[in-house]
Amino acid sequence: MQTQTNMTDTPQALCKTLQLNPKTVQSLKVDLNSPFPLKVPKDFLAQIQLNDPTDPLLKQVLPLKIEHQTADGFSQDPVSDLAFNPTPSLIHKYHGRVLLIASPKCDIHCRYCFRRHFPYSEQTNTRHWKKALDYIAQNPSIHEVILSGGDPMSLSEKSLVQLIEKIEAIPHIKTLRIHSRTPVVAPSKAPTQALIAWAKQTRLHKVLVVHCNHANELSPQTAKLFSLYKEAGFHLLNQSVLLKDINDQVSILENLSHALFSQGVLPYYLNQLDRVQGAAHFEVDRHTALNLHNQLRKCLSGYLLPNLVQDTSNPFYKVPIT
Ligand SMILES: *Cc1c(COP(=O)(O)O)cnc(C)c1O
Ligand code: SF4
């Protein structure tokens, strides 16, 4: 039987499972009724330390009341994706590549996520795929399709491969890129057989960008999964989000790069937080971010140094932070 992602349904249940003492839980001001509810896959849960309210993985998933605070400059669509939306579920903002929102769902709910307010219901119906594919087919300047979400790997493997085959059928597409957090947070749920069978025979270049913020998220299960994708011809890259009190230390980021590399993954982007409402308490200020990155540059081989970038609405690329 396939292993199910077993949700720990409520923040109370999660705290109990993690043996956090009730007083600590109270002082954390946990939000029991968040509109963006708690969601933690069991593989990720297994990587969280017991009885540690400061655990860097726990902090990424536990809903807190502080998320209700509004902060200047934090909005619902911080990267203006909705302004570059030629057809529902497609974002064409960058030259040569489009982003297709392949699934509204994720296997995990990351508290800092910039898509927490995204109008998924209007954007992600599979009905929209045909129009999106038509748009891509009519634009020969597009050579790369990026599957994103939500998380494309939260689709059934069959739907995912069907979608990919339709993309492959467009002659001017050369590269398929999948952006997914599933291989890191729920390796036991990630697609393997059909995707790998497809990957081994396709004409397309294949890139898988995973999303890992801390070395503790990696395990023997992630290593095994990454090696399957690698053998099937995927280039493996990682993006992280710089998060206050989670990974905003040189030693943590240095470890992360080494841990990723030891599992066959190269660091790609270290993203400055998108300024989304409810996530202000995760923000690392620009000066600190730059300082961290400069220190990392000294201790990491060049190919292990992620690009520190900020996604903004203008200009239309991930802007290096300087
Ligand atoms: C990040 C992003 C891309 C891809 O950018 P790269 O720099 O190629 O990784 C494309 N489209 C959208 C909407 C994006 O946010
Ligand atoms: S997996 Fe990615 S898209 Fe989904 S909640 Fe986390 S950061 Fe957001």
Side-chain angles (χ1 to χ4, degrees), residues 5 34-41 43-44 57 59-63 67 77-86 89-118 120 123-124 132 136 141-155 174-186 189-190 205 207-214 217 235 237-243 246 266-274 276 278-279 282 306-320:
T5 302
S34 174
F36 184 59
L38 173 82
K39 191 172 184 184
V40 193
D43 295 331
F44 192 82
L57 278 55
K59 285 184 166 182
Q60 296 179 49
V61 295
L62 188 64
E67 295 170 20
D77 181 23
V79 294
S80 300
D81 275 354
L82 294 178
F84 302 90
N85 202 200
S89 81
L90 200 73
I91 300 170
H92 191 184
K93 187 170 162 185
Y94 293 79
H95 180 77
R97 54 230 198 268
V98 287
L99 186 148
L100 180 63
I101 299 166
S103 165
K105 292 200 217 119
C106 298
D107 293 300
I108 186 168
H109 285 173
C110 312
R111 307 315 304 173
Y112 53 83
C113 181
F114 82 105
R115 291 200 189 276
R116 56 186 292 160
H117 305 289
F118 206 72
Y120 281 131
Q123 287 290 326
T124 50
I136 298 168
S141 73
I142 302 168
H143 55 81
E144 175 172 13
V145 177
I146 302 169
L147 300 185
S148 180
D151 198 313
M153 286 192 172
S154 69
L155 286 172
K174 297 195 174 78
T175 303
L176 174 85
R177 182 182 344 168
I178 301 177
H179 274 243
S180 175
R181 186 139 161 76
T182 301
V184 171
V185 301
K189 276 197 72 191
H205 301 298
V207 182
L208 172 61
V209 183
V210 297
H211 172 176
C212 178
N213 298 318
H214 195 287
E217 293 169 35
H235 297 277
L237 302 172
N238 180 64
Q239 60 173 339
S240 308
V241 180
L242 185 57
L243 298 164
I246 291 176
L266 285 175
Y268 179 40
Y269 281 141
L270 176 61
N271 295 283
Q272 191 59 324
L273 186 83
D274 292 322
V276 62
F282 288 114
N307 298 295
L308 177 65
V309 293
Q310 173 99 57
D311 203 355
T312 58
S313 40
N314 187 14
F316 309 127
Y317 54 87
K318 276 134 183 114
V319 187

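Order of appearance sets the numbers: ligands from 1, and atoms from 1 within every ligand.
Atom 6 (Fe) of ligand 2 has an N, O or S atom of Cys110 under 2.8 Å away, backbone or side chain. Because the distance cut-off is set at 2.8 Å, Cys106 fails to qualify as a neighbour of atom 8 (Fe) of ligand 2, as none of its N, O or S atoms comes that close.
When only modelled atom types and interatomic distance are considered, Asn213 and Tyr112 share a side-chain donor-acceptor pair under 3.5 Å. Using a 3.5 Å distance cut-off with no hydrogens or angles, the side chains of His179 and Arg177 do pair a donor with an acceptor. Looking only at atom types and distance, the side chain of Asp107 has no donor-acceptor partner in the side chain of Ser154 under 3.5 Å away. For the 3.5 Å distance criterion, the side chains of Arg97 and Thr175 fail to qualify, holding no donor opposite an acceptor.
Looking at heavy atoms from C-beta onward, Met153 lies in side-chain contact with Ile178 at the 4.5 angstrom threshold. Proximity of Leu100 to Ile146: side-chain heavy atoms (C-beta onward) are nowhere separated by under 4.5 Å. Counting only heavy atoms from C-beta outward, the side chains of Ile136 and Val98 approach each other to under 4.5 Å.
Shown in contact with Gly150 at under 4.0 Å from a heavy atom are these atoms of ligand 2, numbered in order with element: 3 (S). The ligand atoms of ligand 1 that sit less than 4.0 angstrom from a heavy atom of Tyr268 are 6 (P), 7 (O), 8 (O), 9 (O). Near Ile91, meaning under 4.0 Å from one of its heavy atoms, ligand 1 places the atoms 13 (C). Counting atoms of ligand 1 from 1 in the listed order, those under 4.0 Å from a heavy atom of Asp311 are 15 (O). Near Ile146, with a cut-off below 4.0 Å to any heavy atom, the atoms of ligand 1 are 3 (C), 4 (C), 10 (C). Each of the following atoms of ligand 1 lies closer than 4.0 Å to a heavy atom of Leu99: 11 (N), 12 (C), 13 (C), 14 (C).
With respect to the salt-bridge test (charged N to carboxylate O, under 4.0 angstrom), the residues Glu144 and Lys174 do not qualify.
Using a 4.0 Å cut-off between heavy atoms, Val209 makes no contact with ligand 1 at all. With a 4.0 Å heavy-atom cut-off, ligand 1 is reached by no atom of Val98.
Ligand 1 has an N or O atom lying under 3.5 Å from an N or O atom of Arg97, backbone or side chain.
The shortest heavy-atom distance from Arg177 to ligand 1 is under 4.0 Å.
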